[in-house]
Every structure is written in structure tokens, then in C-alpha cells.
There are 2 protein chains.
Amino acid sequence: MAMTVNPAEKFRKPARVLKTVGHPDRLAIVEMLEHGERSVNEIAEALGAKQAITSQHLTLMRDKGVLYARREGTKVFYGIENKNVIRLLHCIYQSCDNTQQN
Amino acid sequence: MAMTVNPAEKFRKPARVLKTVGHPDRLAIVEMLEHGERSVNEIAEALGAKQAITSQHLTLMRDKGVLYARREGTKVFYGIENKNVIRLLHCIYQSCDNTQQN
DNA sequence: CTACTATATAGTAATATTACTATATCTAGT
DNA sequence: ACTAGATATAGTAATATTACTATATAGTAG
């Protein structure tokens, strides 16, 4: 197997995941889904955001492998596909609690 | 003290940190500095990147509170200010190792 | 002051992200 | 087929990010 990997290659995927959740709404969504699935409308309402934007965020995170989607009748429920982002979430909270910069 | 906090407010700072390190070069820099300071030139060389871009990344991360800078003569050494991003780094590595999506 | 090394910044073009409106698609029920 | 509810997508304008070149600034040595 070809092990000739560009050094930068190593950081591409991790960076993409970080960037994906590096948005206030998307971070809020991840936290919201930490303990279970929610429908698009539920998420949008909890977020206080418009349906279209919410759907865009969800689609993006699904494309990046952070979330999964499951259709149930007319509703679509989203959940966390990459469970490790939850650990990430807690890391970043500590990371921020311990600092005073904004 | 005013505890009337916009729900979205909670996610602004964490999201900003994630976004800040959500770039391959910047992630590489964080890893590089995990075990000690480096000068701008050292970092640029190790990265295989141009000096100007490297400096821009470093300045950005310093502004966001991720790194600190320390001048020593003509050189400037950068180090990790927010030690928690190291934990973040390891979280995200596991996060990626355990998934197959790109 | 001059020259040199190291770093930072200005200016800029290409591209990406964001937030929005309007509209399309999908599903279930009548 | 028609309607309504739920979700997705197209199109778009404003803004942000990225990567680049050229130049400026800071520090040191002579």
C-alpha cells in the first residue's frame, strides 16, 4: 500500500471537521443532538433560526460526516454520526471556560 | 450581575476557537508547538509554506488567544497560549481515525 | 547610518461562507 | 389528483477567507 503521504495531508480531514463545527449555530445543533435525534423543525425552533438556514447547516454537517439523517414519514430526524464530536464539544467548552479572551 | 445571555452567545466563543484551528496549516502549527516554542522561520520551513502566510496564520491564532508570541532579539517565538487546544487536537485526531469519511 | 536578518503588514484577486427569499420536492391524508 | 406539512434546494448579495506579491518595520551588528 502506498504510504507516501503529504505531510499536510494529515491535517486536512481533522481541519475540515473542526471548521465544520466552527459555527455558533452548528455547534448549538451538535449540543442539541447530543442526547438524541431531533427533527429539522424542532432544531430550527430551538435555534430560533429559519428553516432554510437550519436545513443548510444540517445538510453541510451530514455531508461532512458529523450528522446522519433518518426519514420518518414527512419528517427528517438528524442525529450525531461522528460521536467523537461530542468529546470535541466538551473539550472546547473547557478550552473556553479557562480563558478570558473573546 | 446580568445573567441575561443570548442562547447563541454561549456558542460564539467556542465556535471561534474551532474555526481558528480549522485550517490544515494552523492545525499543523498547533501540533508543531505542542512540545515547545518555535520561531516564525522554523515554523514556515517545517510547514513548507511562505513566510508571509505563516506569519498571517500565527498572527490570527495569537489574536484569537490560541498562541502567544515572545520576541527574542530579531526572532519571534510562538507558543501555545490556550493549552486546551492540545486536548482539542487529540480529540480531533481520534475523531478522524475512527471515521472513514473525508 | 548602513546593511542584514527576521517578522509583519498592505494591497489584492480568487474563492468560500453566510444568510436570505423564493421555490421545489417529498410524504401523508382526503 | 389535490392539499397541507415538512424539508431541501436554487439563486443571490454581502462578507470573509485564503494565498499571493511587494513592501514596511524591528532588531542587531558593523
Side-chain angles (χ1 to χ4, degrees), chain A residues 6-9 11-30 32-33 37-64 66-79 81 102, chain B residues 6-9 11-30 32-33 37-64 66-79 81 102:
Chain A
N6 182 331
E9 187 60 33
F11 299 98
R12 276 247 288 274
K13 208 163 74 175
R16 193 157 38 211
V17 175
L18 288 167
K19 195 179 178 184
T20 300
V21 296
H23 183 289
D25 284 355
R26 294 198 290 268
L27 209 49
I29 290 172
V30 169
M32 197 180 309
L33 299 182
E37 303 173 337
R38 299 273 178 100
S39 73
V40 178
N41 260 343
E42 286 174 328
I43 295 168
E45 275 189 28
L47 231 52
K50 305 207 171 167
Q51 180 270 325
I53 291 189
T54 304
S55 181
Q56 281 172 11
H57 285 316
L58 292 170
T59 299
L60 175 67
M61 289 197 280
R62 202 188 56 168
D63 288 349
K64 303 295 195 226
V66 172
L67 303 183
Y68 67 83
R70 178 178 65 80
R71 175 144 234 152
E72 194 174 314
T74 171
K75 295 187 177 179
V76 175
F77 289 87
Y78 280 83
E81 169 81 48
N102 46 338
Chain B
N6 183 328
E9 188 60 33
F11 300 98
R12 277 246 288 275
K13 208 163 74 176
R16 193 157 40 211
V17 175
L18 289 167
K19 194 177 178 185
T20 299
V21 296
H23 183 290
D25 284 354
R26 294 198 289 267
L27 209 49
I29 290 173
V30 169
M32 195 180 307
L33 299 182
E37 302 173 339
R38 299 273 177 100
S39 74
V40 178
N41 260 343
E42 286 174 326
I43 295 169
E45 275 188 29
L47 231 51
K50 306 208 169 164
Q51 181 270 325
I53 290 191
T54 304
S55 180
Q56 282 172 12
H57 285 316
L58 292 169
T59 299
L60 175 67
M61 286 197 282
R62 202 188 55 168
D63 289 348
K64 302 295 196 230
V66 172
L67 304 182
Y68 67 84
R70 179 179 63 79
R71 176 144 233 150
E72 194 174 314
T74 173
K75 295 188 178 178
V76 175
F77 289 87
Y78 279 84
E81 168 83 46
N102 46 335

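First the proteins, then the strands, lettered A, B, ... as listed; each starts at 1. Values in this document were obtained by computation on a predicted structure and should not be read as measured data.
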Enquirer: Shorter than 3.5 Å, N or O on both sides, protein versus nucleotides 12-17 of chain D: list them out with atom names.
Expert:
from    : atom 1 : to     : atom 2 : distance (Å)
dT17(D) : OP1    : K19(B) : NZ     : 3.4

Enquirer: In whole angstrom, what separates L60(A)'s CG from dA8(D)'s C1'?
Expert: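 Result: 14 Å.
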
Enquirer: Please report, to 0.1 Å, the donor-acceptor pairs under 3.5 Å made by any side chain of residues 38-49 of chain B, with sequence neighbours excluded.
Expert:
from   : atom 1 : to     : atom 2 : distance (Å)
S39(B) : OG     : E42(B) : N      : 3.2
E42(B) : OE1    : S39(B) : N      : 2.8

Enquirer: What is the distance from NE2 of H57(A) to P of dT18(C), rounded to the nearest Å?
Expert: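 For the pair H57(A) NE2 and dT18(C) P, the rounded distance is 7 Å.
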
Enquirer: Between D63(B) and T20(B), does the side chain to side chain contact (heavy atoms under 4.5 Å, CB included) criterion hold? Intermediate values first, please.
Expert: CA-CA 10 Å; D63(B) 289 348; T20(B) 299; over 6 Å; no

Enquirer: What are the residues of residues 71-79 of chain B, sorted by number, that bring a heavy atom to within less than 4.0 Å of DNA chain D?
Expert: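 Residues of residues 71-79 of chain B under 4.0 Å from DNA chain D: R71(B), G73(B), T74(B).
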
Enquirer: I need the CG-P distance between D63(A) and dA8(D), as an integer number of Å.
Expert: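 Checked: the CG to P distance equals 11 Å.
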
Enquirer: Do the side chains of L60(A) and R26(A) get nearer than 4.5 Å, heavy atoms only?
Expert: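 Touching, per the 4.5 Å side-chain cut-off.
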
Enquirer: Please examine the side chains of K19(A) and H23(B), heavy atoms only from C-beta on, and report whether any two atoms are closer than 4.5 Å.
Expert: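 No. Closest side-chain heavy atoms not under 4.5 Å.
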
Enquirer: I'd like a list of close polar pairs between nucleotides 9-11 of chain C and the protein, N/O only, cut-off under 3.5 Å.
Expert:
none

Enquirer: Write down the distance between CE (M61(B)) and P (dT18(D)), rounded to a whole number of angstrom.
Expert: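 After rounding, the reported distance stands at 11 Å.
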
Enquirer: Would you say N41(A) reaches dG5(D)'s phosphate, i.e. side-chain N/O to OP1/OP2 under 4.0 Å?
Expert: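 False: N41(A) side-chain N/O out of range (4.0 Å or more) of dG5(D) OP1/OP2.
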
Enquirer: Run the side chain to side chain contact (heavy atoms under 4.5 Å, CB included) test against I53(B) and tell me which residues pass, sequence neighbours left out.
Expert: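 Counting only residues at least two positions away or on another chain, I53(B) forms a side chain to side chain contact (heavy atoms under 4.5 Å, CB included) with H57(B).
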
Enquirer: Which pairs with one or both residues in residues 47-56 of chain A pass side chain to side chain donor-acceptor pair (under 3.5 Å), sequence neighbours excluded?
Expert: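 Those involving residues 47-56 of chain A do not exist here.
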
Enquirer: Could you check how far CD of E45(B) sits from P of dT5(C), rounded to whole Å?
Expert: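 After rounding, the gap between these two atoms is 14 Å.
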
Enquirer: Would you mind reading off the distance between I29(A) atom CD1 and dT18(C) atom P, rounded to a whole angstrom?
Expert: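 Distance check: I29(A) CD1 to dT18(C) P gives 12 Å.
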
Enquirer: Whole angstroms only, please: what is the CG-C1' distance between L47(B) and dA19(D)?
Expert: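 So the two atoms are 13 Å apart, to the nearest Å.
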
Enquirer: Restricting to non-hydrogen atoms, name the atom on V76(B) and the atom on A69(B) that form the minimum distance, rounded to 0.1 Å.
Expert: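 Where V76(B) meets A69(B) most closely, the heavy atoms are CG1-CB, 3.9 Å.
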
Enquirer: Taking any heavy-atom pair under 4.0 Å as a contact, classify T54(B): base, sugar-phosphate, or nothing.
Expert: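 Since no nucleic acid heavy atom lies under 4.0 Å of T54(B), the category is nothing.
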
Enquirer: Which value, rounded to the nearest 0.5 Å, describes the distance between F11(A) atom CZ and I29(B) atom CD1?
Expert: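 It is 10.0 Å, given to the nearest 0.5 Å.
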
Enquirer: Among residues two or more places apart or on two chains, list those pairs meeting side chain to side chain donor-acceptor pair (under 3.5 Å) that have a residue in residues 67-78 of chain B.
Expert: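 Qualifying pairs, neighbours excluded: E37(B)-Y68(B), E37(B)-R70(B), R70(B)-E72(B).
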
Enquirer: Can you check side chain to side chain contact (heavy atoms under 4.5 Å, CB included) on E9(A) and R12(A), steps first, answer last?
Expert: CA-CA 5 Å; E9(A) 187 60 33; R12(A) 276 247 288 274; 3.4 Å; yes

Enquirer: Which heavy atom of L27(B) sits nearest to which heavy atom of A15(A), and what is that distance?
Expert: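 Of all heavy-atom pairs spanning L27(B) and A15(A), the closest is CD2-N, 3.5 Å.
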
Enquirer: Can you tell me how far P of dT7(D) sits from OH of Y68(A), to the nearest Å?
Expert: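 Taking OH of Y68(A) and P of dT7(D), I get 15 Å after rounding.
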
